[in-house]
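Both counts, for ligands and for their atoms, begin at 1 and track the order of listing.
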Amino acid sequence: MAMGLGCTARPGRSRENKTGSWRVFRPVFVHEKCTRCGMCTTVCPEGCIMEDEEGLPVTDYDYCKGCGLCAEECPSEAVEMTKEEK
Ligand code: SF4
Ligand code: SF4
């Protein structure tokens with residue numbers, strides 16, 4: 001079978017495959033520090049960060065794979081990665 005060069009992976013693919021079970025670290029959003037800038041929502045590769053009724057970020061742990069990008073890119077250090085307890 002012929003294959004094209006390169007490949008693509010669209011964000012939010014885990015909607016078809018719950019990747020939350022892979023997670024080793026879990027992001028915890030510290031709303032007191034959050035400025036609602038939306039950066040975490042923008043960078044999340046799984047598209048699983050949403051806003052609550054107050055415009056604060058919350059993640060869907062069924063799909064969050066714990067990559068830590070949201071914590072890495074948050075300008076307010078409002079996301080803490082904590083070890084997952086299983
Ligand atoms: S990136 Fe940080 S400050 Fe911005 S919305 Fe997300 S948690 Fe809040
Ligand atoms: S750790 Fe953050 S950026 Fe990574 S999948 Fe979970 S919510 Fe998205």
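- The C34 neighbourhood of ligand 1 comprises atoms 3 (S), 5 (S), 7 (S), 8 (Fe), with distances under 4.0 Å to a heavy atom of that residue.
- For K33, no heavy-atom contact with ligand 1 is shorter than 4.0 Å.
- Residue-level proximity to ligand 1 for S76 is carried by the side chain, the only part with a heavy atom below 4.0 angstrom.
- Annotation: atom 5 (S) of ligand 2 to nearest protein heavy atom, K65 N, 3.5 Å.
- The two residues I49 and C40 make their nearest non-hydrogen contact at CD1-O, 3.4 Å.
- Closest approach of R36 to G55, counting heavy atoms only: CG-O, 3.5 Å.
- Distance CD/E84 to SG/C64: 8.5 Å, rounded to 0.5 Å.
- Between K33 and S76, the shortest heavy-atom distance links the atoms O-CB, 3.5 Å.
- What sits closest to atom 8 (Fe) of ligand 2 on the protein, heavy atoms only, is C44 SG, 2.3 Å.
- In this structure, the protein non-hydrogen atom closest to atom 7 (S) of ligand 2 is T59 OG1, 3.4 Å.
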Criterion side-chain contact (heavy atoms from CB on, under 4.5 Å) on H31 and D52, from CA distance to verdict: CA-CA 11 Å; H31 287 168; D52 68 10; 4.0 Å; yes
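- Atom 2 (Fe) of ligand 2 has as its closest protein heavy atom C70 SG, 2.3 Å.
- Inclusion of C64 in the first shell of atom 6 (Fe) of ligand 2 is supported: an N, O or S atom falls under 2.8 Å.
- Nearest heavy atom pair, residue Y63 against residue C48, reads CB-CB, 4.0 Å.
- Heavy atoms of A71 stay at 4.0 angstrom or farther from ligand 2.
- Remark: ligand 2 atoms within the under-4.0 Å shell around heavy atoms of G66 are 1 (S), 6 (Fe).
- Only side-chain heavy atoms of I49 come within less than 4.0 Å of ligand 2; its backbone N, CA, C and O stay farther off.
- Note that SG of C34 is 12.0 Å distant from CE of M39, once rounded to the nearest 0.5 Å.
- The side-chain tip of R23 does not point at the ring of Y61 from less than 6.0 angstrom away and within 45° of straight on.
- Across every non-hydrogen atom of M81 and G66, the tightest pair is CE-O, 3.7 Å.
- Atoms of ligand 1 found under 4.0 Å from any heavy atom of G38 (numbered from 1 in listed order, with element): 4 (Fe), 5 (S).
- Inclusion of C48 in the first shell of atom 8 (Fe) of ligand 2 is not supported: no N, O or S atom falls under 2.8 Å.
- Closest protein heavy atom to atom 1 (S) of ligand 1: C40 N, 3.3 Å.
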Evaluate F29 against T59 for side-chain contact (heavy atoms from CB on, under 4.5 Å), listing each step before the verdict. CA-CA 9 Å; F29 292 83; T59 193; 3.9 Å; yes
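- Nearest protein neighbour of atom 4 (Fe) of ligand 2, counting heavy atoms only, is C67 SG, 2.3 Å.
- With a 4.0 Å heavy-atom cut-off, ligand 1 is reached by no atom of T41.
- Within the 4.0 Å heavy-atom criterion, both parts of C37, backbone and side chain, lie near ligand 1.
- Across all their heavy atoms, T82 and V28 have their closest contact at OG1-CG2, 3.8 Å.
- Taking 2.8 Å as the threshold, H31 does not count as a candidate ligand of atom 8 (Fe) of ligand 1, since none of its N, O or S atoms lies below it.
- Within the listing of ligand 1, atoms 7 (S) sit less than 4.0 angstrom from a heavy atom of V79.
- Atoms CG and CE, from D60 and M50 in turn, are 4.5 Å apart once rounded to the nearest 0.5 Å.
- Near P45, with a cut-off below 4.0 Å to any heavy atom, the atoms of ligand 2 are 3 (S).
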